[in-house]
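Each chain gets a letter, A, B and so on, in the order its sequence line appears, and its residues count up from 1.
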Protein chains: 2
Amino acid sequence: MNRERILSTARALFAEKGFDGFSMRELAQQVGMSPSSVYNHFAGKEALYLAVMEAVAQQIRAEVYQRIEANTPEEALHELVARKAVFMGDHPDMARLVQWVLLDTSERTRTIMQSVWRPEIEWVLDRMRQLVPDEHALILTHHLFGLLLHEFSGRFAFSALPEAAQVSYESDAVSARVWSTVICRIRELSQ
Amino acid sequence: MNRERILSTARALFAEKGFDGFSMRELAQQVGMSPSSVYNHFAGKEALYLAVMEAVAQQIRAEVYQRIEANTPEEALHELVARKAVFMGDHPDMARLVQWVLLDTSERTRTIMQSVWRPEIEWVLDRMRQLVPDEHALILTHHLFGLLLHEFSGRFAFSALPEAAQVSYESDAVSARVWSTVICRIRELSQ
DNA sequence: GTCTATACCAGGATAGAC
DNA sequence: GTCTATCCTGGTATAGAC
């Protein structure tokens, strides 16, 4: 359906250039229709943005969080990191989309954080609280998301540095190093 | 001087809204002059952007990296994290400016990474290499920067979540938790 | 150095025919 | 649902007077 093509093109553009980085005209051209046809499917750029974010979150819920089976909170978080690494490796635009939201200071961001990303954060937080004292759980949750996001969203910029060529971006490698850093601190705090 | 006023206003705008998020008209209005007067000082928006980044990097070199005295690489990195936390606390736009650069995929970013941020990364990397095996040094360096950046640049977005109210954003607290996470992994790897 | 005025094009969005 | 044509605003940038 055309609506889906608009959504997926918009997703790529929002990820690459951010909300203000491209025009509805550019989007329409890439989709292969006139700008006004786009407006027939979405009320405007903002509505399109929210729709993209909602679709992305739904995909994550289905492909990442669904059916995580684990005997302990630690296993659950470990599995989550592994799946996220795979998912973000398969969808390189994901981390960038989220980072744009985090940087955006408009009202859009509040909406998206509360209604779209909140469940994810709660999911991690719940498990983290079972592993470390309450006052550290939120920080470690932030660190977990921060490291994962940074690994992926900073990739383009860091590729400008010669040293970066040595780093492996295989999902397994990313997952392993992020988890190593986080679990090390978790263990320290849970003693 | 007027040039300085333009620079500092531009810095605030780039930090808050990103490269595409505001217009030269808006900037000129905030500075209190006409748009064409701004063009008399800077060749264009891009030149202004590069000038802001250069000024910021210079400030960091002077206020953060200068005169770090430490007996060991570990002490040096610890001191760096502490100073960065203070600096970023005093200049809330810093982390956001850097994040915009990291997200930007235009040629500007390559220029800035190589000529502006490279020395900083080298500085950390040198010390990290003395603490952990070479193959982990670059990753830990990225994690260190990633955690610091995330702590500050994600602050607005996370403030939309009710849990965030419990988190302290005192420089000491930020510094302590970032360092805790990083040093824990460093110690594990250096054994 | 700063201004007014303006060029020129691109921005989001809409009207109305088909 | 899609198009052409268009509205209006605002984008970067420049010319030329003071």
Atom pairs under 3.5 Å: protein N/O with N/O of nucleotides 15-18 of chain C:
none

query: Side-chain donor-acceptor pair under 3.5 Å between A:Gln99 and A:His150, yes or no?
result: no

Counting only side-chain nitrogens and oxygens, does [X] get under 4.0 Å of the OP1 or OP2 atom of [N]?
X: A:Tyr39; N: C:dT14; value: no
X: B:Ser34; N: C:dC3; value: yes
X: A:Ser37; N: D:dC3; value: yes

Any side-chain heavy atom of [X] within less than 4.5 Å of one from [Y]?
X: B:Leu131; Y: B:Leu140; result: no
X: A:Leu102; Y: A:Thr109; result: no
X: B:Met88; Y: B:Val98; result: no

task: Rounded off to whole Å, could you give me the CD-to-C1' distance for the A:Gln29 and D:dC3 pair?
output: 16 Å

Integer-rounded Å distance: D:dC3 P and A:Met33 CE: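 Answer to the nearest Å: 6 Å.
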
field: Residue pairs, two or more places apart or on separate chains, that pass salt bridge (charged side-chain N to carboxylate O under 4.0 Å, His left out) and touch residues 94-107 of chain A
entry: A:Asp104-A:Arg108

message: Show me the pairs that pass salt bridge (charged side-chain N to carboxylate O under 4.0 Å, His left out) and involve residues 65-80 of chain B, at least two apart or across chains.
response: B:Glu74-B:Arg187, B:Glu79-B:Arg83

message: On the six-membered ring of B:Phe14, is B:Lys45 placed so that its NZ or CZ lies under 6.0 angstrom from the centre and within 45° of the ring axis?
response: no

For residues 54-64 of chain B, run the donor-acceptor check on the side chains, cut-off 3.5 Å, and write out each pair with its distance to 0.1 Å, sequence neighbours left out.
unit_1: B:Glu54; atom_1: OE2; unit_2: B:Arg61; atom_2: NH2; d: 3.1
unit_1: B:Gln59; atom_1: OE1; unit_2: B:Arg11; atom_2: NH1; d: 2.8
unit_1: B:Gln59; atom_1: NE2; unit_2: B:Glu63; atom_2: OE2; d: 3.3
unit_1: B:Gln59; atom_1: NE2; unit_2: B:His91; atom_2: NE2; d: 3.4

query: What orientation do B:Trp179 and B:His78 show, parallel under 30°, tilted 30 to 60°, or perpendicular over 60°?
result: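 B:Trp179 vs B:His78 ring planes: parallel.
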
field: Pair B:Glu120 + B:Lys84: basic N to acidic O under 4.0 Å
entry: yes

field: Verdict with reasoning, A:Glu163 to B:Arg118, per salt bridge (Lys or Arg N to Asp or Glu O under 4.0 Å)
entry: CA-CA 10 Å; A:Glu163 296 87 353; B:Arg118 183 98 191 278; 3.5 Å; yes

- request: Specify the residues of residues 41-56 of chain A, ordered by number, for which at least one heavy atom lies under 4.0 angstrom from an atom of DNA chain C.
  value: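 The stretch gives A:Gly44, A:Lys45 as the residues lying under 4.0 Å from the strand, ordered by number.
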
- prompt: Taking DNA chain C as the partner, which of residues 19-27 of chain A come within under 4.0 angstrom of it by heavy atom?
  reply: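 A:Phe22, A:Ser23, A:Met24, A:Arg25 - these, ordered by number, are the residues of the stretch whose heavy atoms sit under 4.0 Å from the strand.
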
